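A quick note: this is a predicted structure, and the numbers were derived from the prediction, not measured.
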Amino acid sequence: MGSLFRSEEMALCQLFLQSEAAYACVSELGELGLVQFRDLNPDVNAFQRKFVNEVRRCDEMERKLRYLEKEIKKDGIPMLDTGESPEAPQPREMIDLEATFEKLENELREVNQNAEALKRNFLELTELKHILRKTQVFFDESVPTVYKSSGAYSSSKYRRYPQMADNQNEDEQAQLLGEEGVRASQPGQNLKLGFVAGVILRERLPAFERMLWRACRGNVFLRQAMIETPLEDPTNGDQVHKSVFIIFFQGDQLKTRVKKICEGFRATLYPCPEAPADRREMAMGVMTRIEDLNTVLGQTQDHRHRVLVAAAKNLKNWFVKVRKIKAIYHTLNLFNLDVTQKCLIAECWVPLLDFETIQLALRRGTERSGSSVPPILNRMQTFENPPTYNRTNKFTKAFQALIDAYGVASYREMNPAPYTIITFPFLFAVMFGDLGHGAIMALFGLWMIRKEKGLAAQKTDNEIWNIFFGGRYIIFLMGVFSMYTGLIYNDIFSKSLNIFGSHWHMSYNKSTVMENKFLQLSPKVDYEGAPYPFGMDPIWQVAGANKIIFHNAYKMKISIIFGVIHMIFGVVMSWHNHTYFRNRISLIYEFIPQLIFLLLLFFYMVLLMFIKWIKFAATNEKPYSEACAPSILITFIDMVLFNTPKPPPDHCETYMFFGQHFIQVLFVLVAVGCIPVMLLAKPLLIMQARKQANVQPIAGATSDAETGGVSNGGSHGGGGGHEEEEELSEIFIHQSIHTIEYVLGSVSHTASYLRLWALSLAHAQLAEVLWTMVLSIGLKQEGPVGGIVLTCVFAFWAILTVGILVLMEGLSAFLHTLRLHWVEFQSKFYKGQGYAFQPFSFDAIIENGAAAAEE
């Protein structure tokens, strides 16, 4: 079988590369993405490997590029992304890249430092400008307020003094001191009022004022005013709100105390002249310096912008080049050096189908490096389990991801993904069957498929959208299959399509129909005898009471039929595994009893359903009329419990066909007899094989029978026979658990498929509720107002339909379908105990690196 049905055949190879050609050869293999290297130095510390210095240099280059990227994003400059992937640079080009990045980083850091110093200077001058402006207002106020010491801050009293007309310094001091200050400043009393001015963050001002009051005991005079425009913090560029304050005090002791408090609250103090003329002169000088700084700042920002724009054109390519160089040296660290120190030795897993392609890539790398010694790729013999590699494309990738989420297949184990492409959307559609809802889903999937190139280029970190886009082909198929099942159910937004005309006709006259609320159509009289050409007859849409009953019976039976067929298919898949791995014991003593058990009990129940549909009808006479039709569920229960069926109605037969009782007893006995075979045959044969070979339960080679028995048909890696043997007690326990799980699981799994019936009914009923309770209200309105009401009601109905019936019900049906595949289907044959093939691929490394950078 091809790799679609089983994983690729893998080979462990040994690769010999000349030191000069190793870099170019690994670069070619990275572009190819088909080789998984093994670490030949697992005990060597990462910092003691040969190419650790080169990896560190790449880390340093990546750091510089991230710094450039951060600055570019800060300025909102678009980065050019051509979508091309440049080749990995030669080792000698690393020096040029390092020099380029070093020059750019130093230049940018120098520009940033200069800009920060200029902004800090600009901030200081701006704050000084506001101080000079606000302090002049303080001095010019007509009614200043002076604190007078009192017992507590809350009971402080204020004294107001009129302003004096003179603008000289002495007059200002007099007006601030008031009458008491004037008397105190008489000859013989050296009293002088000092002040400090500065700015402080607005949120710190209340605490600052309280601290001043308490520390200085109310012997200070504080005035403050808000700076209306926010100021830019030069350190981080944030906008901050500040306030100007001026504090008047008396004496050097208070001055020292006030300055310490200002320092503690990180308030910035500025020199403020005492004379008004000096203040005006300083303000003019400050304004001149601010204008000059604005000019210099603008030129600095222009230069910084030019540097970043030039870097943005090449940043993406630089990231790709550096990550490729780093990946190459990281891979070379996995290699071993031979004794001559001139040859590198590597071990790698490669797909056999790509062996020639890999050799061609190695030759290209050797030619690029100019080496004369060709590389050597030898295939090695190994008992180690190879990695699992399932080759996928954009269509099968999403389905393979669903399988791998359950567990990566063991090596060369049957891959359920190809069958899931059909069964997954079909079982989903059984639960979601509606022509209208399926069309919405299919159109959404088709839109993503048609626009996939553009949508894939718009890389986003929206996880929900990425899930939808990754599963676009699944969504499209689920929508198409739902449209098909919607036609079978004849259901479109809870209504039916009358394409071919109903095959039922009315035998009542008009007066009978009008006078009776409930009437029934008789199949003997009103049915034409031929079924509706495709799907359900639209007459069931108007069958009020019988509609639910009919749909219940129909959907319940098809759920069991699909479920039993699905499980039988899963058991048959295990036959492919047993025959491929030559596991004779599991084939005879597991597969055959499992298949017989499932066929004789549950497939027989399915056959009874078809026999009932074929033999019994309302148009038939007894004993094959509808009144004589037995219950399949009661028949199956009586069969398993060996109960005697209840007497049938008059002129009806107890059994559906001749010899039914004997066949049912035989089937149950054979099915029950399969249980001890599944339980004991394998362990007993393994025990017998060990006694004959006189092998103790220790590590060593085992026979084919032991291989199959010990691993329960799971020696998919090809090396299971060379692992340690299990103890016989563990084999018996393992087989007991497996048998009990299968026998009980056959019952529970069959019942589990009834979720197909339950969700299908729930979906149909929800659609009918939305139509009846919402849209029909708008359809009943008439006139121009009715059109407006219908538009609003239709919009509300459409939102509920998409939000509830398509999204929420669709997600619910998706999860139930996933469970049916993981548990009910794959448990019959799929072990999922392998490990994924992770080749050395530049594309994967760059994609992961870009995703990590965005996070």
Side-chain angles (χ1 to χ4, degrees), residues 2-4 6-17 21-44 46 49-51 55 85 88 323-337 344-365 375-393 396-397 400-401 403-404 407-413 415 417 716-719 832-849 851:
S3 62
L4 185 63
R6 293 189 188 277
S7 61
E8 290 272 1
E9 287 191 63
M10 307 295 291
L12 181 63
C13 298
Q14 196 170 34
L15 178 62
F16 296 88
L17 297 172
Y23 182 93
C25 290
V26 172
S27 173
E28 289 291 335
L29 294 179
E31 299 288 352
L32 201 59
L34 289 172
V35 177
Q36 176 178 330
F37 290 99
R38 301 174 65 189
D39 190 0
L40 300 183
N41 309 297
D43 300 326
V44 179
R49 304 205 177 195
K50 179 175 176 59
F51 299 98
V55 174
S85 180
R323 284 171 181 155
K324 284 186 176 182
I325 297 172
K326 183 180 176 182
I328 292 171
Y329 282 117
H330 181 73
T331 303
L332 289 174
N333 277 332
L334 306 178
F335 294 7
N336 256 343
L337 277 170
L344 288 170
I345 306 171
E347 290 183 5
C348 55
W349 291 105
V350 299
L352 280 182
L353 289 178
D354 299 309
F355 204 81
E356 295 295 330
T357 307
I358 293 169
Q359 288 184 326
L360 288 175
L362 290 173
R363 290 195 197 102
R364 286 197 305 270
I376 302 172
L377 186 64
N378 291 330
R379 185 174 177 182
M380 302 170 60
Q381 294 295 325
T382 179
F383 296 117
E384 184 179 349
N385 288 343
T388 301
Y389 175 41
N390 291 300
R391 210 180 294 268
T392 59
N393 52 37
T396 60
K397 183 179 180 181
Q400 189 65 54
I403 303 302
D404 292 342
V408 178
S410 303
Y411 178 64
R412 299 294 288 168
E413 184 179 22
N415 182 19
H716 307 143
Q833 296 174 348
Y835 64 99
F837 177 61
Q838 296 177 332
F840 170 61
S841 170
F842 284 148
D843 292 339
I845 291 170
I846 292 168
E847 185 178 351
N848 294 335

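- A donor-acceptor contact shorter than 3.5 Å links the side chain of Asn333 to the backbone of Phe51.
- Going from atom OG1 of Thr392 over to atom CG of Asn415 covers 10.0 Å, rounded to the nearest 0.5 Å.
- Inter-residue side-chain proximity for Ile376 and Asn378 is flagged as met; some heavy-atom pair is nearer than 4.5 Å.
- In this structure, the ring of Phe840 has its center less than 6.0 angstrom from the ring center of Phe842.
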> Taking it one step at a time, do Ile845 and Asp843 satisfy side chain to side chain contact (heavy atoms under 4.5 Å, CB included)?
Replying inline: CA-CA 6 Å; Ile845 291 170; Asp843 292 339; over 6 Å; no
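- Among residue pairs with one or both ends in residues 26-38, those qualifying as side chain to side chain donor-acceptor pair (under 3.5 Å) are Glu28-Arg364, Glu28-Arg368, Glu31-Lys324, Arg38-Glu347, Arg38-Glu384; sequence neighbours excluded.
- A salt bridge is absent between Glu413 and Arg6; no separation between the charged side-chain nitrogens and carboxylate oxygens falls under 4.0 Å.
- For Phe335, the ring pair (Phe, Tyr, Trp, His ring centres under 6.0 Å) partners at least two apart in sequence or on another chain are Phe37.
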> For Asn385 and Gln833, what are the C-alpha separation, side-chain angles and deciding distance, and is it a side-chain hydrogen bond (donor to acceptor under 3.5 Å, both in side chains)?
Replying inline: CA-CA 11 Å; Asn385 288 343; Gln833 296 174 348; over 6 Å; no
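- Counting only heavy atoms from C-beta outward, the side chains of Ser7 and Phe837 never approach each other to under 4.5 Å.
- The minimum heavy-atom distance linking Gly365 with Ala24 is given by the pair O-CB, 3.2 Å.
- The residue from Ile358, Leu362, Asp354 that alone fulfils the side chain to side chain contact (heavy atoms under 4.5 Å, CB included) condition with Leu32 is Ile358.
- Contact detail for His330 and Val55: the closest heavy-atom pair is N-CG2, 4.1 Å.
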> Step by step, would you call Val35 with Leu377 a side chain to side chain contact (heavy atoms under 4.5 Å, CB included)?
Replying inline: CA-CA 12 Å; Val35 177; Leu377 186 64; over 6 Å; no
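- Between Tyr411 and Pro387 the shortest heavy-atom distance is CD1-O, 3.6 Å.
- Summarising the geometry of Ile345 relative to Leu40, their closest heavy-atom pair is O-CD1, 3.4 Å, with the distance given to 0.1 Å.
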>> Between Leu12 and Arg379, is the side chain to side chain contact (heavy atoms under 4.5 Å, CB included) condition met? List the steps.
In response: CA-CA 6 Å; Leu12 181 63; Arg379 185 174 177 182; over 6 Å; no
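- Remark: Thr382 engages no residue in a side-chain hydrogen bond (donor to acceptor under 3.5 Å, both in side chains) (not counting sequence neighbours).
- Residues Thr396 and Asn393 come closest through the heavy atom pair N-OD1, 2.8 Å.
- In plain terms, the two heavy atoms of Asn390 and Thr388 that are nearest each other are ND2-CG2, 3.7 Å.
- Annotation: side chain of Ile403 is not in contact with side chain of Val408 (no heavy-atom distance under 4.5 Å).
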> Between Val350 and Met10, does a side chain to side chain contact (heavy atoms under 4.5 Å, CB included) hold up when you go through it step by step?
Replying inline: CA-CA 6 Å; Val350 299; Met10 307 295 291; 5.8 Å; no
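- Scanning for side-chain hydrogen bond (donor to acceptor under 3.5 Å, both in side chains) contacts around Ser841 gives an empty result, with sequence neighbours left out.
- Residues Pro351 and Glu9 fail the side-chain proximity criterion, which asks for heavy atoms closer than 4.5 Å.
- Looking at heavy atoms from C-beta onward, Leu353 lies in side-chain contact with Glu8 at the 4.5 angstrom threshold.
- With sequence neighbours left out, the ring pair (Phe, Tyr, Trp, His ring centres under 6.0 Å) criterion links Phe16 to no other residue.
- Between the OH atom in Tyr23 and the OG1 atom in Thr331 there is a gap of 11.0 Å [rounded to 0.5 Å].
- The side-chain contact (heavy atoms from CB on, under 4.5 Å) check on Asn41 picks up Asp39, Val44, Arg49, Asn336, with sequence neighbours excluded.
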